[in-house]
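Input: a single structure, listed below in C-alpha cells.
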Amino acid sequence: MKQSVRHYLQVADLDRETLLSLLDRAMELKRMQKEGKMYTPASGKVLGMLFEKASTRTRVSFEAAMFRLGGNVSFMARRDLQLDRGEPLKDTARVLSRYLDCLVVRTFGQSVVEELARWSDIPVINGLTDSHHPCQILSDVMTVMEAKGRDLSGLKVAWVGDGNNMAQSWIQAAAKLGFPLYLACPKGYEPDDEILSRARSEAGFPIEVMEDPVAAVKDADVINTDVWASMGQEEEAEERKKVFMPFQVNDALLKHAKPDCIVLHCLPAHRGEEITEEVLEGPHSVAWDQAENKMHIHKAVLEWAMRLRD
Ligand code: CP
Ligand code: NVA
C-alpha cells in the first residue's frame with residue numbers, strides 16, 4: 001500500500017505525539033552534531049526550496065540541515081520560475097515532485113501551500129505563510145524546553161504584539177502541546193477567530209487574547225514578540241508603529257514577568273520597535289539559541305517528512 005505523504009502546513013496538521021517526537025529528535029540531532037558525529041541519511045536526496053519572500057534564517061538553516069544530513073538543495077526564487085509567468089501551481093507541483101524528494105515553500109497565502117501539497121507526491125513543508133510559521137514554532141518550543149524543561153504545562157507563555165502568523169502558530173502549539181498562552185494584541189490586530197476557536201476547543205489550558213501587555217506578561221515564564229509589520233505589510237508599517245508602541249517588549253514590561261523569564265524573538269528584530277536593544281541583547285533573551293535551533297528542528301522535520309529513519 002502506498003504510504004501517505006507527510007506534509008507539514010500548519011502546527012494543527014500534526015498530533016501531539018508527532019510534535020513531541022520532532023522536538024526530542026531535534027535535541028538528539030543537536031547533541032550528535034555537537035559531538036561531531038556524521039549522520040548522512042539524506043545522501044542522494046534533493047530538497048527543493050521555493051521562496052517568494054525574503055529569508056535569512058529559514059533558508060540557510062534548511063539548506064544547512066539538508067547538507068549536513070548528506071543531501072542536496074535546489075533553491076528557487078518564485079520570480080525565476082515559470083510560475084511567475086502564469087504556470088499553474090498544480091503543474092508546478094507535479095513536475096517538481098518528479099525531480100525532488102521534499103519541498104519547502106515560503107509564500108503569501110496559506111492556499112498556495114495547500115494547493116501545492118494537494119498536487120504533490122512529495123512532502124510540502126510550510127517555511128512561512130501569511131497565516132502560519134509552523135517550523136519556527138517548533139524551534140521556539142525547543143528553545144523553551146532547553147531553558148525550562150520538557151514539561152510545558154506549568155509555564156505561563158505570553159505573546160506581545162501582532163496577532164500574526166507567528167502568534168497563530170503559537171496558538172496551535174499551545175492547544176496541541178498543552179500550555180497556557182496569553183496574547184496581548186492591539187484592537188483590530190488580533191489573531192484569526194477561527195484559528196482561535198478551533199484551538200480553544202481542543203486546548204486543556206487557557207488561550208486568552210487581551211489588550212493589556214502588562215496583564216499578559218504578569219508572572220510569565222516565556223515572553224514572545226515579533227515585528228509589527230510582517231512581510232507584505234510594508235505599506236502599513238508607519239501606521240502600525242503608532243498603534244503598537246504600547247506593546248514594546250522593554251525592561252519596564254519585563255518587570256511584571258517572573259525574574260527568570262526568557263524572551264523569544266524569531267528575528268529579524270526591529271530594535272526600538274517591538275523590542276529594545278537592552279532586552280534583545282540582555283540576560284533574558286534566548287533569540288540566538290532560538291535561531292540556531294531552527295537548523296536542528298529542520299533536520300528533524302526533513303528526516304520525518306522524507307521518512308529517513310522509517
Ligand atoms: N525567523 C525567520 O523565519 O527568519 P527568516 O525570515 O530570516 O527566515
Ligand atoms: N511575522 C514575520 C515573521 C518573520 C520571520 C513575517 O511574516 O514577516
Side-chain angles (χ1 to χ4, degrees), residues 8-11 26 47-66 73 75-78 103-113 125-144 159-173 183-186 189-192 195 223-241 243-244 247-249 263-271 273-275 280 285-302:
Y8 182 40
L9 307 184
Q10 52 182 300
V11 176
L47 170 68
M49 309 230 323
L50 198 172
F51 277 42
E52 59 176 323
K53 285 177 176 173
S55 173
T56 297
R57 281 146 288 271
T58 306
R59 175 180 175 171
V60 180
S61 61
F62 258 115
E63 288 177 340
M66 187 62 178
V73 179
F75 183 83
M76 298 160 274
R78 181 189 162 117
L103 182 65
V104 177
V105 182
R106 170 167 285 201
T107 186
F108 292 89
Q110 185 71 9
S111 61
V112 174
V113 289
I125 295 169
N126 182 352
L128 182 147
T129 60
D130 292 344
S131 310
H132 299 279
H133 199 358
C135 294
Q136 177 71 51
I137 259 49
L138 289 179
S139 35
D140 298 358
V141 172
M142 175 178 169
T143 310
V144 173
W159 174 269
V160 182
D162 194 14
N164 63 11
N165 43 10
M166 284 291 304
Q168 294 183 164
S169 289
W170 267 102
I171 288 167
Q172 293 190 339
L183 302 104
C185 308
Y189 296 90
E190 298 92 349
D192 180 73
I195 289 175
I223 299 176
N224 284 284
T225 191
D226 185 17
V227 291
W228 291 338
S230 286
M231 288 180 278
Q233 298 172 332
E234 288 76 9
E235 283 177 8
E236 298 172 32
E238 284 312 307
E239 178 59 28
R240 282 172 172 259
K241 266 186 212 168
V243 178
F244 280 85
F247 292 78
Q248 184 183 68
V249 175
V263 176
L264 284 89
H265 193 311
C266 66
L267 305 176
H270 292 186
R271 290 166 168 85
E273 294 184 21
E274 76 278 0
I275 193 163
L280 185 64
S285 170
V286 291
W288 317 110
D289 290 336
Q290 191 185 349
E292 175 186 336
N293 286 339
K294 283 174 73 74
M295 178 176 63
H296 305 298
I297 273 290
H298 292 162
K299 277 186 171 178
V301 169
L302 291 170

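Ligands are counted one by one from 1 in listed order, and the atoms in each one are counted from 1 as well. The first residue in the sequence is number 1, and the count goes up from there.
Using a 4.5 Å heavy-atom threshold, the side chains of Thr58 and His133 count as touching. Put simply, the side chain of Ser131 does not reach to within 4.5 Å of the side chain of Gln10, judged on heavy atoms. Contact check for Met66 versus Met49: no side-chain heavy atoms found under the 4.5 Å cut-off. Residues Leu138 and Tyr8 have side chains in contact (heavy-atom distance under 4.5 Å, counting atoms from C-beta outward). Between Asn126 and Gln110, the closest side-chain pair of non-hydrogen atoms falls below 4.5 Å. A 4.5 Å side-chain heavy-atom check between Phe51 and Leu128 finds every atom pair outside the cut-off. Counting only heavy atoms from C-beta outward, the side chains of Phe244 and Asp162 approach each other to under 4.5 Å.
Closest to atom 4 (O) of ligand 1 among all protein heavy atoms lies Arg57 NE, 2.9 Å. Of the protein's non-hydrogen atoms, the one nearest atom 8 (O) of ligand 2 is Met231 N, 2.8 Å. Of the protein's non-hydrogen atoms, the one nearest atom 8 (O) of ligand 1 is Ser55 OG, 2.6 Å. Looking only at protein heavy atoms, the nearest one to atom 7 (O) of ligand 2 is Asn165 ND2, 2.8 Å. In terms of protein heavy-atom proximity, atom 6 (O) of ligand 1 is nearest to Arg106 NH1, 2.8 Å.
For ligand 1, the atoms sitting less than 4.0 Å from at least one non-hydrogen atom of Gln136 are 1 (N), 2 (C), 3 (O), numbered in the order shown with element in parentheses. Of all atoms in ligand 1, listed by their number and element, those nearer than 4.0 Å to a heavy atom of His133 are 2 (C), 3 (O). Counting the atoms of ligand 1 from 1 in the order shown, those under 4.0 Å from a heavy atom of Lys294 are 1 (N), 2 (C), 3 (O). Within the listing of ligand 1, atoms 1 (N), 2 (C), 4 (O) sit less than 4.0 angstrom from a heavy atom of Leu267. Applying the 4.0 Å criterion to heavy atoms of Thr56 picks out, from ligand 1, the atoms 5 (P), 7 (O), 8 (O). Atoms of ligand 1 lying under 4.0 Å from any heavy atom of Cys266, numbered from 1 in the order shown and given with element: 1 (N).
Not one N or O of Arg59 is nearer than 3.5 Å to an N or O of ligand 1, by distance alone. Considering both main-chain and side-chain atoms, Arg106 never comes within under 3.5 Å of ligand 2 through any nitrogen or oxygen pair. Ligand 2 has no N or O atom lying under 3.5 Å from any N or O atom of His133, backbone or side chain. For Leu128, no nitrogen or oxygen atom sits less than 3.5 Å from a nitrogen or oxygen atom of ligand 2, counting backbone and side chain alike. Between Asp226 and ligand 2, a contact under 3.5 Å exists for at least one N or O pair.
With a heavy-atom cut-off of 4.0 Å, Thr58 does not touch ligand 2 at all. The residue Lys53 has no part lying near ligand 1, judged by heavy-atom distances below 4.0 Å.
Within the cation-pi definition used here (under 6.0 Å to the ring centroid, within 45° of the axis), Arg59 qualifies as a partner of Phe75.
Ligand 2 lies less than 4.0 angstrom from a heavy atom belonging to Leu267.
Rounding to the nearest 0.5 Å gives a distance of 10.5 Å between CG of Leu47 and NE2 of His298. Distance check: Leu264 CG to Thr225 OG1 gives 10.5 Å after rounding to the nearest 0.5 Å.
In Glu234, the CD atom is crowded: over 12 heavy atoms of neighbouring residues, nucleotides or ligands sit closer than 6.0 Å.
Taking each heavy atom of Leu280 and Ser285 in turn, the nearest pair found is O-OG, 2.8 Å.
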